[in-house]
Amino acid sequence: MEQTLLSQDAYRLFHNGSLELAEAEMNGIYLDTNYCTKKTVALSRKITYLQKRLEQTELIKVWRETYGDKTNFNSDAQLAKILYSKMGITPPNYTPSKRGAVDEKTLMEIDNPALDYILRIRKTKKNKDTYLASFIRESVDGIIHPFFNLNTVRTFRSSSNNPNFQNIPKRNKEAKKICRRAIIPRPGHQLMEVDFSALEVNISQCYHKDPTMYRDLTEPGADMHRDMAQEIFIMDSINNEKYPSHDTLRQAAKNGFVFPQFYGDYFGSNAFYLSDWVKLPTEGVWKDSDGIRLDTGENIGSHMRRSGVRSFRGFLRHLEQIEKHFWGVRYSVYRDWRKRWYEEYQKKGYCDTLTGFRCGGVMKRNEVINYPIQGSAFHCLLWCFIQLSRAARKEGWRTKLIGQIHDSMILDVCPDEREYVIKKVRQITEKDLRESWEWIVVPLSVDVDLYEINGPWLS
DNA sequence: GGAACTCGCCAC
DNA sequence: AAACGTGGCGAGTTCC
């Protein structure tokens with residue numbers, strides 16, 4: 001790795017950052033250990049039950065005939081051999097090393113009742129063995145002390161381990177409930193989460209200074225994801241109040257087009273993700289009954305056909321045009337920045353971040369473009385974390401900073417101090433940060449989420 | 001018996 | 001022309 005702390009400022013940020021992160025590590029996070037042990041038992045029982053049901057399936061007969069005593073339902077290698085060699089199924093997808101894949105998406109494409117049990121067992125084991133088990137294993141007197149490292153990541157972000165506090169389930173409702181139920185505040189306290197809104201996109205603006213994106217980020221009512229949803233799904237207006245289902249389309253555009261495009265993806269793979277999201281088939285001509293149902297009463301397959309996109313192939317051509325317009329017209333200044341930024345790297349062999357770090361060594365185009373944005377965004381969070389942690393110490397708060405997840409901070413708040421802490425948080429994140437770093441050319445704002453007093457990390 | 005690998009899957 | 005950025009970690013497997 002050829003990353004270096006270029007400037008005195010960068011050194012100081014990481015020096016002070018490591019001190020305050022160490023303070024948070026020492027503070028630690030309270031665990032409902034009673035819940036953890038009870039839930040672990042419950043999940044074990046669930047796994048036993050699911051395995052019994054799995055035993056009764058036809059697929060398992062083949063599995064036992066093949067592997068006998070060596071049968072192991074947790075082995076993906078065995079599963080791949082059963083499906084793709086013994087049963088002669090053609091793998092719907094392949095792994096990077098060209099073997100038949102057996103991940104969730106792939107197994108869902110194969111019509112076999114046993115696979116449903118395998119997936120449910122996998123999910124349950126993940127919650128039990130990765131999250132609850134590591135919480136129990138790493139806890140000391142009912143407190144976990146996740147590490148927050150500043151020396152492991154190529155982009156100068158942070159990482160976390162023992163246990164990893166930065167990948168606790170959130171999107172999957174069931175997993176979220178199982179895992180976050182274990183995280184609780186100090187007695188009488190409440191958890192608080194402070195998230196920067198769209199931090200990476202805002203920080204990208206500080207590099208490329210695209211005027212269209214500037215408007216998208218600063219004008220009230222502007223919404224790039226809604227705009228792109230309208231283009232992708234060919235609608236005059238995406239009105240979420242009148243048609244709540246349209247929020248699904250906005251989400252699809254955000255996670256299936258806009259963000260992947262920013263990371264360096266292209267329309268070809270966007271098309272698969274988007275089709276999957278709205279349940280449109282990736283083969284053949286779309287039917288009126290295809291796809292999710294909109295609040296207008298129409299299915300999206302019918303809507304797309306009426307609008308002139310009649311099949312997945314048509315959708316590909318449509319998305320190609322949208323991509324062309326996205327970079328060629330809408331964000332052409334951003335596009336030019338990317339080009340220049342990469343060419344400059346090719347000339348110099350490194351690129352520097354706005355926060356004073358140097359990324360060097362052999363990098364691919366997407367890496368060169370993404371590293372500075374990803375790193376600088378985290379540095380904004382780290383700067384705020386340092387200021388807040390210092391204030392907490394100097395002013396003798398009972399409120400403690402306990403963790404950080406790239407663009408958010410997690411606090412264990414004493415309710416008496418709550419209003420003052422929120423005031424301080426907003427002062428640091430929304431005012432002081434911009435004054436301290438003049439290169440931040442857009443307003444930054446945070447969401448403050450509060451959880452119940454004595455309640456877990458769940459709403 | 002441990003290091004290094006693959007795969008799958010969780011987060012931003 | 002090519003084509004999604006950053007991590008940690010559990011389990012299985014392979015190799016020495």
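Throughout, protein chains are lettered first and strands after them, A, B, ... in sequence-line order, and every chain is numbered starting at 1.
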Residue-phosphate contact under 4.0 Å: [X] side-chain N/O, [N] OP1/OP2:
X: A/Lys123; N: B/dC10; value: yes
X: A/Thr130; N: C/dC9; value: no
X: A/Ser269; N: C/dC4; value: no
X: A/Ser75; N: C/dT13; value: yes
X: A/Asn72; N: C/dG12; value: yes
X: A/Arg171; N: B/dC12; value: yes
X: A/Tyr131; N: B/dC10; value: no

From the set [options], return the single nucleotide nearest to any side-chain atom of [X].
X: A/Arg157; options: B/dC12, B/dG8, B/dT6; result: B/dC12
X: A/His406; options: C/dG7, B/dC12, C/dG10; result: B/dC12
X: A/Asp129; options: C/dA11, B/dC7, C/dT6; result: C/dA11
X: A/Glu367; options: C/dG5, C/dG10, C/dG12; result: C/dG5

If the test is ring-ring contact (aromatic ring centres under 6.0 Å, His included), which one of A/Phe135, A/Trp457, A/Tyr131 qualifies with A/Phe165? A/Trp457
Using the rule ring-ring contact (aromatic ring centres under 6.0 Å, His included), only one of A/Tyr350, A/Phe14, A/Phe378 pairs with A/Phe357; which is it? A/Phe14
Look at all strands and tell whether [X] reaches a base, only sugar-phosphate, or nothing, counting heavy atoms closer than 4.0 Å.
X: A/Lys170; answer: sugar-phosphate
X: A/Gly268; answer: nothing
X: A/Ala133; answer: nothing
X: A/Ile168; answer: sugar-phosphate
X: A/Pro260; answer: base
X: A/Glu104; answer: sugar-phosphate

In terms of the nearest nucleotide of DNA chain C, which residue is placed more toward the 5' end: A/Asn270 or A/Ser160? A/Asn270
I'd like to know if A/Arg122 pairs up with A/Asp76 as an ion pair, taking the criterion as any Lys NZ or Arg NE/NH1/NH2 lying under 4.0 Å from an Asp or Glu carboxylate oxygen. yes
Flag the pair A/Asp336 and A/Lys339 as a salt bridge only when some basic side-chain nitrogen lies within less than 4.0 angstrom of an acidic carboxylate oxygen. no
Are A/Asn127 and A/Thr124 close enough that a side-chain donor and a side-chain acceptor fall under 3.5 Å? no
Quick one: the side chain of A/Lys126 and the base of B/dC10, do they pair up donor-acceptor inside 3.5 Å? no
